[in-house]
Amino acid sequence: MPPFTPSSHAAGLLTNYPPVERWDDWTEYDPADWPRKVARKYMLVPTICFNCEAACGLLAYVDKQDLSIRKFEGNPEHPGSRGRNCAKGPATINQVNDPERILYPLKRSGPRGSGQWERTTWDEVLDTFSSRIRQALIENRRTEVMYHVGRPGHDGYMDRVLQSWGVDGHNSHTNVCSSSARLGYALWQGADRPSPDHSNARFILLISAHLETGHYFNPHAQRIIEAKAAGSKIAVIDTRLSNTASMADYWLSTWPGSEAALLLAMANVILQEERYNREFLRCWVNWEETLRALRPDAESTFDNFLEALKAHYATYTPAYAERETGVAAALIVQVAREIADAGTAFAAHVWRSAASGNEGGWQVARCLEFLSVLTGSVGTRGGTSPNTWDKFVATPFKKPAPQNVWNELLYPKEYPLSFHELSFLLPHFLKSGRGRVDTYFTRVYNPVWTNPDGATWIEVLKDERLVGLHAALTPVWSETAWFADYVLPMGTAAERHDLMSQETQAGSWIGFRQPVLRVVHDKLGQPVRFTYEANPGEVWEEDEFWIELSWRIDPDGSLGVRQHFESPYRAGEKLTIDEYYQWIFENSVPGLPEAAAAQGLTPLAYMRKYGAFAVKRDVYNLHDMPVEPAQLAGAEIDPATHLVHQQGQVIGVEIDGKVVTGFATPSRKLELFSQTLHDWHWPEHALPGYIKSHVHRDHIDHTKGEYVLLPTFRLPTLIHTRAGNAKWLYEISHTNPLWLHPRDAERLGVDLGSLVKVHTETGYFVIRVWITEAIRPGVVACSHHLGRWRLDKESGGDRWSTALADLQEVGPGQWRLRQVHGIEPFHSVDPDSDRVWWKDAGVHQNLTFPVHPDPVSGMHCWHQKVRVEHAGPEDRYGDVFVDTNKSFQVYEQWLKKTRPAPGPDGLRRPLWFARAVRPSNEVYRLTDTPAS
Ligand code: SF4
């Protein structure tokens, strides 16, 4: 395919998109009136999808007659998605028009969780929360204000807000998602994510189902298919025969948790057959350090390193890998040779999947990157780059100083190497007396449903001694919002501003999410002051909420907060949201002011018109970029490490007499041997290796009905708890049966649709089976997207997607969830709600999972050892039972596996590691810094 250029439809490539010059006045026939030809006039406004992290472009079609949004299609001007979307993009219209959405701020009027609510005003909300936060700041309780985000949907906005308050209060969902892969990548290259250049790859190795549900799903999928169409081959490592595996040239169905052994066997083949990229290894791997670790007595020569490396990995034979993984040795050798043949055009990706399922899963990412390193395909055309090369985060005006406090509820000393916060352990920390949260915001975050051990979340969220005041910021009801004090309606993808950029290709772009109707009002010469004036009901956009809240926290500026919310254009006056983005587009997006000027537009007007901007294209080999000569004046080169120092800072590394940038690691090389792991108490894992998972086959006794449960896979049409307000998506997907191999079905004596009871360490769930050869014998699988519930007949959850349930604490810490009924038609302003035909809402399996925090990465290890049996006469579909006393014991067992800080120099965490909303360096020292 030719490279993407804006307006490429003009070149005949994307002929089905309205040309941008006609977006303000577009006419097309209304398909709902077919076969009559009824013309409708539209104004098309670009925005960004908010249904997954990929941040694809959307075009909102606004009917000029009544100013309603009629539909969403792809934005052809978006460099990442190039006009294409998955099913969830167009389904944004369901979310905008959802009759179940919350339109006004609500305040609890009975006990927490009682379901008694009353409407309140935004003024009351802002006054209540601002006075509480102000008090916390005055009393220096800077770890008691917490913002807990599920899907950020923006780059950096909240970091700035929280740092302007001076609190260490950013919490995320990362440790139930991607922290293991992040650690694996960060140890190699500093950057904690991979950016594969799929389009130009000759061989693509995917761990998990990237074509149908992957990280950066649609942008990556279209590039993978482009590569395939151009002759590239694809291998997929996945226990399940996913739709992605079905499109691949090679499907390697591994025993869950054995993936690192498979990858190391491939590495071993490449090493033994001397198919590695010798020059790349010599220049870019910290081979001297590695050799010292492997053979302390050997002379420091590159050949000695290669010999030591070969010897070290020689035990990972294809035969050994076959025993561990169940994948045939010959197939492992074949794929390894294909990878070697691809050389520098080998692209690879793992994000969740095997990395997030298993204890030691971070080594899966480390071993996968090992293959990229051996082939010299790091940073190359068709290879895999550090994500930081391809993601562009713009800098806002007046960046606050880092907070001078460390919150141990977020980064406890047991997990000094975690990526990121130990978010899913928050209730366990609170229960065990480690602290308290005074003011708690959950935002697009539903831990009661999404996280493991949701019943423990319920117990803690109900306890006002542990969580003082809780606001759920959300467009819709959720299981978590039900237990909040305030439910604050926030905008969907068409009702808010955000900046987003993702590493979807070898280049970077910035996307602009916009409140569509506000933009339309502007275009019609009827501007509004605040987004909520154009949004439905009293739906605020968060950007404006945080500005207003921050202003009220510090009305006279005495706390130092207000200065960050004063206009950069009007001294001393309150910032407007237009000014915030105007400043960024004018000052911190390279090339944008020039591109805008070329069209006679301001940078803000350009972004409002196109919704996205390509910042860089064809980004490769940045590690090999020479350091600017001006920077080198007076610099010193360390003869032992070849690091180049300037005024106490490392600015590059000398390679063969040339000073270049290198990678973002302490050695500026790719770190095969990790001194960091060695120094931070994990010397046995300092090299890429294989850690046997908590669900290793040795732990599973099939004769006792034991299996490994894979609970992590996505469905292409749903996204965690955020798709429940999209009727089209739930009409397509509304069940999550237990995948079971025919041999196991025979062993258990069950048929298609039989009810089984799946026992975890702390409870059970009751579910129907789906018998399929698409799962490995001995393993069962269940998608985590379904099983939504509500406790009230008419509210507390979208009726498109939730079962009405009864939740009882039947004994201390013993919770039973029973479905009263599944999904039923309901009456609303949307006539489709009377036509709902699907009944199944799925089963909420996550409630029965105890927490399994990986002792190194902090990642929740999702896979479960389970026992499957026939359901009993008392059991009903969807039943869930869990004992939180037992789940607390499991938490304590896993906590004992950790090796806490301090590390070298008394540090809580390596200074070179990224940390979300990074505090000042001073508070990294464990001994003498303020912390909660
Ligand atoms: S992949 Fe689908 S859900 Fe994700 S941003 Fe793109 S269109 Fe939206």
Side-chain angles (χ1 to χ4, degrees), residues 101-137 141 143-154 157-158 161-162 165 167 169-173 409 423 426-427 430 436-450 457-458 460-491 495-496 532 535 537-553 721-722 795-796:
R101 66 181 295 184
I102 302 163
L103 292 174
Y104 304 96
L106 298 172
K107 180 182 178 180
R108 159 171 81 84
S109 58
R112 276 192 188 158
S114 65
Q116 294 163 268
W117 300 93
E118 63 186 21
R119 189 168 156 183
T120 187
T121 65
W122 281 101
D123 251 344
E124 191 266 329
V125 170
L126 289 160
D127 283 344
T128 300
F129 281 85
S130 60
S131 62
R132 200 162 175 122
I133 294 168
R134 177 179 174 81
Q135 200 60 29
L137 301 189
R141 293 182 283 112
T143 58
E144 292 190 13
V145 177
M146 189 177 290
Y147 167 82
H148 206 153
V149 61
R151 175 62 55 208
H154 65 80
Y157 189 94
M158 273 313 292
V161 170
L162 293 166
W165 297 354
V167 301
H170 181 279
N171 213 336
S172 70
H173 75 288
L409 290 174
S423 60
L426 179 64
L430 294 175
R436 168 177 193 275
V437 182
D438 178 76
T439 308
Y440 186 47
F441 297 98
T442 49
R443 189 299 206 123
V444 194
Y445 187 52
N446 188 7
V448 167
W449 190 87
T450 306
W457 278 89
I458 292 173
V460 166
L461 290 176
K462 286 177 80 170
D463 189 336
E464 292 178 42
R465 293 164 304 173
L466 301 179
V467 178
L469 190 70
H470 172 197
L473 281 63
T474 170
V476 289
W477 280 107
S478 71
E479 289 80 351
T480 299
W482 196 249
F483 295 96
D485 300 302
Y486 284 82
V487 180
L488 306 180
M490 294 290 159
E495 297 158 358
R496 49 185 296 135
Y532 68 80
N535 277 351
E538 291 182 10
V539 172
W540 272 52
E541 73 160 296
E542 285 156 55
D543 286 3
E544 291 183 334
F545 174 76
W546 298 116
I547 292 171
E548 195 58 39
L549 185 68
S550 302
W551 196 267
R552 294 193 195 199
I553 289 170
T721 73
R722 299 213 321 286
S795 67

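Only a predicted model underlies this, so the values are computations on that prediction, with no experimental measurement involved.
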request  = Could you please spell out the steps behind the side chain to side chain donor-acceptor pair (under 3.5 Å) verdict for Trp449 and Thr480?
outcome  = CA-CA 7 Å; Trp449 190 87; Thr480 299; over 6 Å; no
Output for pair (Leu473 CG, Leu488 CG), nearest 0.5 Å, gives 5.0 Å
- Message: Are Leu426 and Trp457 packed together at the side-chain level, in the sense that at least one heavy-atom pair is separated by less than 4.5 angstrom?
- Response: yes
CD of Glu548 to CG of Leu126, rounded to nearest 0.5 Å, is 6.0 Å
Exactly one candidate in Thr439, Leu162, Val161, Ile133 meets side chain to side chain contact (heavy atoms under 4.5 Å, CB included) with Val167; the answer is Leu162
Is there a side-chain contact between Asn446 and Arg722 (heavy atoms, below 4.5 Å)?
no
Minimal heavy-atom distance between Arg112 and His470, with the atoms involved, is NH2-N, 4.3 Å
inquiry  = Run the ring pair (Phe, Tyr, Trp, His ring centres under 6.0 Å) test on Trp546 and Phe441 for me, step by step, so that the C-alpha distance in whole Å, both residues' side-chain angles and the decisive distance to 0.1 Å come before the verdict.
reply    = CA-CA 12 Å; Trp546 298 116; Phe441 297 98; 5.1 Å; yes
Checklist line | Modelled atom types, side-chain donor and acceptor of Gln135 and Ser131, under 3.5 Å | finding: no
Heavy-atom nearest pair, Ser114 first then Pro111, reads OG-O, 2.7 Å
Separation between CG (Asn171) and CE (Met146), nearest 0.5 Å, reads 5.0 Å
Evaluate the side-chain proximity of Pro475 to Pro489: yes if any heavy-atom separation is below 4.5 Å, no if none is. no
On a heavy-atom basis, the closest approach of Ser109 and Glu118 is CB-OE1, 3.8 Å
Check the side chains of Ser423 and His173 for a donor-acceptor pair under 3.5 angstrom, ignoring hydrogens and angles.
no
For Tyr532 and Trp540, take the angle between the two ring planes, folded into 0 to 90°, and tell me which bin it lands in: parallel under 30, tilted 30 to 60, perpendicular over 60. parallel
Would you say the side-chain atoms of Asp438 pair up with the backbone N or O of Glu144, donor to acceptor, closer than 3.5 Å? no
CZ of Arg132 to CD1 of Ile553, rounded to nearest 0.5 Å, is 13.0 Å
Residues pairing under salt bridge (Lys or Arg N to Asp or Glu O under 4.0 Å) where one sits in residues 465-482, two or more places apart or in two chains, turn out to be Asp463-Arg465, Glu479-Arg788
Do Ser795 and Trp482 have side-chain heavy atoms sitting under 4.5 Å apart?
-> yes
Q) Side chains of Val437 and Leu430: closer than 4.5 Å at any heavy-atom pair? A) yes
| Parallel, tilted or perpendicular: which fits the ring planes of Tyr440 and His148, with parallel below 30° and perpendicular above 60°? | perpendicular
Q. Are the side chain of Arg496 and the backbone N or O of Met490 linked by a donor-acceptor pair below 3.5 Å?
A. no
Taking every heavy atom of Ala481 against every heavy atom of Thr474, the minimum-distance pair comes out as CB-CG2, 4.4 Å
- Query: Does the side chain to side chain contact (heavy atoms under 4.5 Å, CB included) test come out yes or no for Thr143 and Leu409, once each step is laid out?
  - Reply: CA-CA 8 Å; Thr143 58; Leu409 290 174; 5.9 Å; no
message = Could you check whether any side-chain N or O of Ser130 sits under 3.5 Å from a backbone N or O of Asp127, counting only pairs where one atom can act as donor and the other as acceptor?
response = yes
When you measure from the side chain of Arg108 to the backbone of Asp485, do you find a donor-acceptor pair of N or O atoms at a distance under 3.5 Å? no
Run the side chain to side chain contact (heavy atoms under 4.5 Å, CB included) check on Arg101 and Val539 step by step: do they pass? CA-CA 10 Å; Arg101 66 181 295 184; Val539 172; 3.8 Å; yes
* **Aromatic ring pairing Tyr486/Phe129, orientation class (parallel under 30°, perpendicular over 60°, tilted between)** => perpendicular
All heavy atoms of Glu538 vs all of Arg119, minimum pair found to be OE2-NH2, 3.3 Å
With sequence neighbours left out, the residues meeting salt bridge (charged side-chain N to carboxylate O under 4.0 Å, His left out) with Arg151 are Glu53
Taken to the nearest 0.5 Å, the spacing of Thr442 OG1 from Tyr147 OH works out to 10.0 Å
Rounding to 0.5 Å, atoms CD (Glu542) and CE (Met158) come to a distance of 8.0 Å
Smallest heavy-atom separation, Phe483 atom then Lys462 atom, equals CD2-CG, 3.7 Å
